[in-house]
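What you see is a predicted model; the values in this text were computed from it and never measured.
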There are 2 protein chains.
Amino acid sequence: MAIQLECEKILKERGLRITKPRMSILEQFLSHPNALSHNDIEEKILDIDRITLYRTLKSFEEKGVIHKAIDGTDKPKYALCESSCSEHAHHHDSHLHFRCDDCNHTFCIEGVAIPAIPAPEGYHVKGTDIVLNGLCKNCS
Amino acid sequence: MAIQLECEKILKERGLRITKPRMSILEQFLSHPNALSHNDIEEKILDIDRITLYRTLKSFEEKGVIHKAIDGTDKPKYALCESSCSEHAHHHDSHLHFRCDDCNHTFCIEGVAIPAIPAPEGYHVKGTDIVLNGLCKNCS
DNA sequence: TATATTGTTGCAACTAAGATGCAAAAGTAA
DNA sequence: TTACTTTTGCATCTTAGTTGCAACAATATA
């Protein structure tokens, strides 16, 4: 599917109006395999307004288009959600991200079975986030 | 052991000079079970200089006194290292933290066996960080 | 296809987080 | 006690992120 059409489809599905900044931001996520930070996007879309970008990332997150990819760095990064995520429930009770020590990219890994982590005594576990680091496909 | 003595011992072991700000910062870590953010410490030690705190946290981290506790929030938090950590090697290839959804405290969990996470195809895994969330001992 | 409605943008202004350089002060070794 | 070295605390700067608001653009409806 043409990337433009796919962007429009996603925005419509989530009840977000189709606007120029939203289209170009979403396009970035669709065309990169790795999670993107605010800064990454600013560098790729030169004429984007800083504040619009903040707000777009926030509304994308709220509507289940993207999710914050925990990767152990101080800079928040975002990755596309699976289509099964919705406004009301991100299906991310158990999530796996991989940060490459070499290229510093963070990847959202789908479809790997995550073993249950033994709950520490007295704690009630609701969700699990796993951050692996090492070398990614390209760098190893 | 008196807490003062313990602080001095740790600082000496790591080759850090014993100073007033370092003592009071380290004291905070020793007297709280949870990981502390920059802000947490500023609130507890009222007369501390902001920049000194930044620099102290950095040197504590470099010398293996504390480590950054990845907990999925945007605010870096720090927790005491086990004594087996050193300047040259943090023993944190596999680390587990727990963030409570209720009190928002982050705990560094020691002594729980962490199952190996299956490495995604093509990736070379060197370290694993796990962030559990849910309810901590006090809140459940 | 014009219009009303509502959501979104882009700017200004602000707050908070964090880094750097430097002179004065404090720790340590002799 | 002195000499040497590290650390502190301040001023200054940069970057990240928020809020309020007027102008504008997307959609729904007539």
Side-chain angles (χ1 to χ4, degrees), chain A residues 4-5 7-28 35-66 68-78 87 104 106, chain B residues 4-5 7-28 35-66 68-78 87 104 106:
Chain A
Q4 309 280 5
L5 286 177
C7 289
E8 291 189 10
K9 179 167 163 275
I10 292 173
L11 291 176
K12 273 182 194 156
E13 275 173 7
R14 305 302 157 108
L16 289 162
R17 288 191 177 177
I18 293 162
T19 66
K20 195 179 156 220
R22 284 178 180 168
M23 288 292 283
S24 44
I25 292 167
L26 190 45
E27 213 179 303
Q28 291 302 320
L36 300 172
S37 69
H38 181 103
N39 235 301
D40 292 336
I41 300 173
E42 255 190 314
E43 281 170 12
K44 289 174 202 298
I45 311 175
L46 296 173
D47 62 339
I48 193 115
D49 178 70
R50 212 169 58 87
I51 287 93
T52 300
L53 178 50
Y54 279 120
R55 285 191 283 218
T56 303
L57 291 174
K58 188 183 275 184
S59 59
F60 278 10
E61 199 184 359
E62 283 165 4
K63 300 289 183 176
V65 179
I66 58 177
K68 223 172 244 187
I70 295 175
D71 74 345
T73 67
D74 295 345
K75 309 276 164 214
K77 295 200 183 64
Y78 300 88
E87 179 170 359
N104 269 308
T106 297
Chain B
Q4 310 281 4
L5 286 178
C7 289
E8 290 189 11
K9 179 168 162 272
I10 293 173
L11 291 176
K12 272 182 195 156
E13 274 173 7
R14 305 303 157 106
L16 289 162
R17 287 192 177 176
I18 294 162
T19 67
K20 198 180 155 218
R22 284 178 180 168
M23 287 292 283
S24 45
I25 292 167
L26 189 46
E27 212 178 304
Q28 292 302 320
L36 301 172
S37 69
H38 182 103
N39 235 300
D40 292 336
I41 300 173
E42 254 189 315
E43 281 169 14
K44 289 173 202 299
I45 311 174
L46 295 174
D47 62 339
I48 194 115
D49 178 71
R50 214 167 57 86
I51 287 92
T52 300
L53 178 50
Y54 279 120
R55 285 190 284 217
T56 304
L57 291 173
K58 187 183 275 184
S59 58
F60 278 9
E61 199 185 359
E62 283 166 3
K63 299 290 184 176
V65 178
I66 58 177
K68 223 173 243 186
I70 296 175
D71 74 346
T73 67
D74 295 345
K75 310 274 165 217
K77 296 199 183 64
Y78 299 88
E87 179 171 357
N104 269 310
T106 297

B/Leu16 has a side chain; which of C/dA17, D/dT7, C/dT20 sits nearest to it?
D/dT7
Under 4.0 angstrom, heavy atoms only, what part of the nucleic acid is B/Arg22 near: base, sugar-phosphate, or nothing?
sugar-phosphate
Distance-only donor-acceptor check, side chains A/Ser37 and A/Asn39, under 3.5 Å:
no
Candidate nucleotides D/dT7, C/dG7, D/dG9, ranked by approach to the side chain of B/Thr52 - the nearest:
D/dG9
Considering only heavy side-chain atoms of B/Arg17, the closest of C/dG21, D/dT5, D/dA25 is D/dT5
For B/Thr56 and A/Ile18, find the nucleotide of DNA chain D closest to each by heavy atoms; which residue's nucleotide sits nearer the 5' end?
B/Thr56
Looking at D/dG9, does its base get a donor-acceptor pair with the side chain of B/Arg50 below 3.5 Å?
no
Per B/Pro76 side chain, nearest of listed nucleotides D/dA26, C/dG18, D/dT8:
C/dG18
Donor-acceptor pair under 3.5 Å, A/Arg55 side chain vs C/dG10 base:
yes
If you only use heavy atoms from C-beta on, which nucleotide in C/dA17, D/dT19, D/dG17 is closest to the side chain of A/His38?
D/dG17
Select from B/Lys20 and B/Tyr54 the residue whose nearest nucleotide in DNA chain C is closer to the 5' end of that strand.
B/Tyr54
Evaluate the side-chain proximity of A/Asp47 to A/Lys20: yes if any heavy-atom separation is below 4.5 Å, no if none is.
yes
From D/dG9, D/dT18, C/dT8, nucleotide with atom closest to A/Ile51 side chain
D/dT18
